[in-house]
Amino acid sequence: MSGIKTSASQRWITLAILLASLALLVAAQPYAAGYGAFRLTLLEELLIRWKDPTWQHGFLAPFIAGWLVWKRKEELAALPVKGSVLGLAAVVLAMLAYFGGYKANNYYLGAFGVQLYLAGVVLACFGWAYAKRLCFAWLMLGFMWPMVFLEDSVSFRLRVLMVETTSFVLNMIGLETIREGTALISAADATHAAGQLFSLKVDGPCSGMRSLFALLMVSALFGYFRQKTLLRRLFLFLCGFPLAVVANMARLLILIAGTMAFGQEFAVGDQEREVSTFHFVSGIVVYLVALAGLEAVERVFRKRGDKETQRGGEPDSQCVHVSASPRLLPATLCVLLVVSALISCRLSPEVRAGDASGVVMELPTAVGRFLGQPLERDAAEKELLPADTQMLKMQYRSPGLPADRDVMQVSLVLAGAERRSIHRPEVCLDGQGWTLLDSRIMPVEISPGRTLHVKDLLVERELRRSGGKPKMLRAHYVYWFIGEDVTTPSNAMRVWLTTWDNIARNVNHRWAYASVTAWVTDNLETRESGQRPRDSETTTKLVSELIRELAPRFQKSLSVESGGL
């Protein structure tokens with residue numbers, strides 16, 4: 001009996017030590033930096049992110065994971081304890097990632113470090129048998145980390161997919177529908193003008209982005225408790241992706257039906273200010289349809305021969321012995337590694353700002369056939385950008401009458417000491433009301449043998465006119481990042497290069513980014529746009545022409561003296 005008490009007490013001591021070390025990593029160490037000279041702990045960062053409806057489900061993940069562990073406590077207590085040295089290796093890697101994330105102010109590296117640390121300590125202190133049975137709880141815990149970087153790449157693709165599939169279904173059932181970007185508009189017929197029956201713009205909430213990750217968590221739990229085999233569980237989890245699309249399409253169809261039956265204001269409300277109660281309640285349909293889909297798939301599995309009652313997890317262990325107590329040495333080593341990482345964070349000097357840049361902060365007033373006029377920064381840019389951020393804005397236009405004129409806007413931003421002076425332009429575009437339709441890397445030949453790769457974003461927003469019907473305004477927003485000795489159109493590459501400089505050189509790379517904005521004017525009158533009508537392809541050629549003439553004037557690596565990229 002005393003041996004049993006000793007074993008239980010050592011287990012609790014080990015768990016208490018490991019939980020305390022986890023609390024230090026997540027809640028005590030200032031970690032991720034925001035604007036200004038301050039840092040937030042990972043817990044503070046999570047509490048902020050969880051307020052976003054897209055990531056609210058993350059708040060439940062720790063409680064679900066804890067419940068899954070508690071549910072198997074008797075089975076775990078009967079398992080033999082046999083720690084693995086591979087667990088200590090995982091802890092070392094986790095602490096290196098944690099420290100690297102601290103140096104680079106990279107929240108995702110910190111999240112990876114904490115998640116890997118949990119797997120490492122289980123393996124080091126308890127062994128593979130424990131790791132196997134706690135694997136699903138560990139995976140569920142991973143849902144608590146908001147993967148915000150996925151929003152740019154996933155959200156707009158989901159939005160376009162939702163519009164295309166919904167438009168296809170409406171036309172198949174005989175309700176003629178016009179797709180304009182991410183808007184669905186009823187086609188004109190003998191009794192109704194275009195858009196009179198319904199006009200619905202599909203924004204982020206209706207794209208499925210807010211429900212996708214929550215549905216993936218639900219489908220993972222559903223498969224775990226309703227199926228026994230790994231392949232079937234994995235299949236049910238993957239069903240979360242198509243079911244999110246189908247469920248959100250069902251919501252769009254309900255909103256369109258409500259608009260046709262009761263009017264736009266009742267069914268949708270003012271999409272720019274406040275949605276209607278009908279619009280809000282229709283969100284429940286997403287989860288009802290998805291759950292019904294999961295239930296249907298699960299029933300198909302049962303009809304194929306799996307008649308017995310499904311239970312999640314491996315069969316309960318039939319062992320009646322009490323396992324050996326965990327050794328305190330691996331737990332002590334894990335804690336020492338955590339303390340070493342925290343001390344390294346505290347003693348490590350702050351990353352210094354680099355002085356050299358890859359640009360000359362000058363925009364010419366004349367370049368090629370274009371004449372430039374300086375523009376002032378708007379109020380939002382002055383408020384959001386740190387004071388030491390340098391920014392130039394110029395409007396370039398070709399000579400001639402408005403019916404023959406081309407107009408583009410160029411911005412050149414150079415970061416100061418603040419790490420986040422430069423960020424993803426998609427963030428600002430979303431805040432300005434633009435909807436992302438497409439994204440691609442576009443090569444621009446500066447001269448024979450020298451090509452500059454830029455990112456071309458096709459965006460749209462509603463153009464409101466006094467006394468007239470709103471139109472959809474499309475534009476090409478083209479940008480690229482410029483470092484001291486590197487140029488890239490990829491924000492992910494910029495972040496990686498910055499992270500490497502922060503860790504290896506203790507210096508914050510002084511990035512700049514250049515952007516060119518040009519409207520697509522083929523659906524606008526000259527008096528509305530102040531320039532000639534241009535389709536999307538002609539607009540991209542125009543942007544390439546301006547970049548070819550302008551970029552060598554401010555980008556050092558493209559200047560004649562430099563001789564190349």
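Note that the numbering runs from 1 along the sequence shown for the chain. Basis for what follows: all heavy atoms, side chains included, without hydrogens, waters or symmetry-related copies. This one's a predicted model, so the numbers in the text were calculated from it and none came from an experiment.
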Practice prompt. Take W128 and L86 through the side chain to side chain contact (heavy atoms under 4.5 Å, CB included) test and state the conclusion after the steps.
Written response: CA-CA 10 Å; W128 286 103; L86 291 178; 3.8 Å; yes

Worksheet item: Which value, rounded to the nearest 0.5 Å, describes the distance between L221 atom CG and L60 atom CG?
Response: 10.0 Å

Practice prompt. Decide yes or no for Q29 and R346: does some side-chain heavy atom of the first lie under 4.5 Å from some side-chain heavy atom of the second?
Written response: yes

Practice prompt. Could you pull out the closest heavy-atom pair between A551 and L558, with the gap in Å?
Written response: CB-CD1, 3.6 Å

Item to complete: Supply the atom-to-atom distance E460 CD to L458 CG, rounded to the nearest 0.5 angstrom.
Response: 8.0 Å

Discussion item. Treating K103 as the side-chain partner and P349 as the backbone partner, does any N or O pair qualify as donor plus acceptor under 3.5 Å?
Written reply: yes

Discussion item. Assess, by modelled atom type and distance only, whether the side chains of N248 and R251 contain a donor and an acceptor separated by less than 3.5 Å.
Written reply: no

Response to the item:
Interatomic distance, OG@S490 vs NE2@H453, rounded to 0.5 Å, equals 12.5 Å

Worksheet item: Stepwise, does the side chain to side chain contact (heavy atoms under 4.5 Å, CB included) test hold for V360 with K556?
Response: CA-CA 7 Å; V360 176; K556 296 178 181 178; 4.1 Å; yes

Worksheet item: How far apart are the closest heavy atoms of L215 and A290, and which atoms are they?
Response: CD2-CB, 3.5 Å

Practice prompt. Evaluate the side-chain proximity of C334 to L88: yes if any heavy-atom separation is below 4.5 Å, no if none is.
Written response: yes

Fill in: OG1-CG distance between T499 and N106, expressed to the nearest 0.5 angstrom
5.0 Å

Worksheet item: Shortest non-hydrogen contact from A131 to L123?
Response: CB-CD1, 4.3 Å

Worksheet item: Yes or no on side chain to side chain contact (heavy atoms under 4.5 Å, CB included) for I343 and V339, after CA distance, side-chain angles and deciding distance?
Response: CA-CA 6 Å; I343 291 175; V339 172; 3.7 Å; yes

Fill in: Heavy atoms of other groups near K73 NZ, more than 12 under 6.0 Å
yes

Worksheet item: Just wondering, do I547 and L452 contact through their side chains at under 4.5 Å, heavy atoms?
Response: yes

Worksheet entry | Any donor-acceptor N or O pair under 3.5 Å, side chains S411, Y479 | no

Discussion item. Looking at W50, I want to see if its CH2 is surrounded by more than 12 non-hydrogen atoms of other residues, nucleotides or ligands under 6.0 Å.
Written reply: yes

Worksheet item: Hey, are the side chains of L42 and L25 touching, using non-hydrogen atoms and a 4.5 Å cut-off?
Response: no

Item to complete: Ignoring hydrogens and angles, tell me if any N or O in the side chain of Y130 forms a donor-acceptor pair with the backbone of L76 under 3.5 Å.
Response: yes

Item to complete: Kindly say whether the aromatic ring centers of F237 and F222 come within a distance under 6.0 Å.
Response: no

Worksheet item: Does the distance from a Lys or Arg side-chain N to an Asp or Glu carboxylate O, for E376 and K393, drop under 4.0 Å?
Response: no

Worksheet item: Under 4.5 Å between any side-chain heavy atoms of R494 and T498, yes or no?
Response: yes

Discussion item. The test is ring pair (Phe, Tyr, Trp, His ring centres under 6.0 Å); show your working for W480 and Y513 and say whether it passes.
Written reply: CA-CA 6 Å; W480 66 102; Y513 88 83; 9.2 Å; no

Worksheet item: Of all heavy-atom pairs between I17 and A331, which one has the smallest distance, and what is that distance?
Response: CG2-O, 4.4 Å

Worksheet item: Looking only at atom types and distance, does a side-chain atom of Y31 sit under 3.5 Å from a main-chain N or O of Y98, one as donor and one as acceptor?
Response: yes

Taking only distance into account, with no hydrogens and no angle test, what donor-acceptor pairs under 3.5 Å do side-chain atoms of residues 134-149 form with protein atoms, sequence neighbours excluded?
unit_1: W138; atom_1: NE1; unit_2: Q115; atom_2: O; d: 2.8
unit_1: W145; atom_1: NE1; unit_2: Q115; atom_2: OE1; d: 2.9

Worksheet item: Can you tell me how far CE of M361 sits from CG of L412, rounded to the nearest 0.5 angstrom?
Response: 4.0 Å

Fill in: Approximate separation, where rounding is to 0.5 Å, of W511 CH2 and T487 OG1
7.5 Å

Worksheet item: Do other residues, nucleotides or ligands put more than 12 heavy atoms under 6.0 Å from the OH atom of Y108?
Response: yes

Worksheet entry | Full working for side chain to side chain contact (heavy atoms under 4.5 Å, CB included) between Y117 and L18 | CA-CA 10 Å; Y117 173 72; L18 297 177; 4.1 Å; yes

Worksheet item: Any side-chain heavy-atom pair from D52 and W55 closer than 4.5 angstrom?
Response: yes

Worksheet, complete the sentence: Between S439 and L457 the two heavy atoms that sit nearest each other are OG-CD2, 3.4 Å

Worksheet entry | Donor + acceptor pair across side chains of S357, E484 (<3.5 Å) | no

Worksheet item: With distance as the sole test, does E44 use its side chain to make a donor-acceptor pair with the main-chain N or O of T41 at under 3.5 Å?
Response: yes

Discussion item. Closer than 3.5 angstrom, by distance alone: can the side chain of S348 be matched with the main-chain N or O of C345 as a donor-acceptor pair?
Written reply: no

Worksheet item: Less than 4.5 Å apart, any side-chain heavy atom of C239 and any of S219?
Response: no

Worksheet item: Is any side-chain heavy atom of E362 less than 4.5 Å from a side-chain heavy atom of F554?
Response: no

Practice prompt. Measure from the side-chain N and O atoms of R510 to the backbone N and O of L414, and report whether any donor-acceptor pair falls under 3.5 Å.
Written response: no

Practice prompt. Write down the atom of G113, the atom of A97, and the distance for their closest heavy-atom approach.
Written response: CA-CB, 4.3 Å

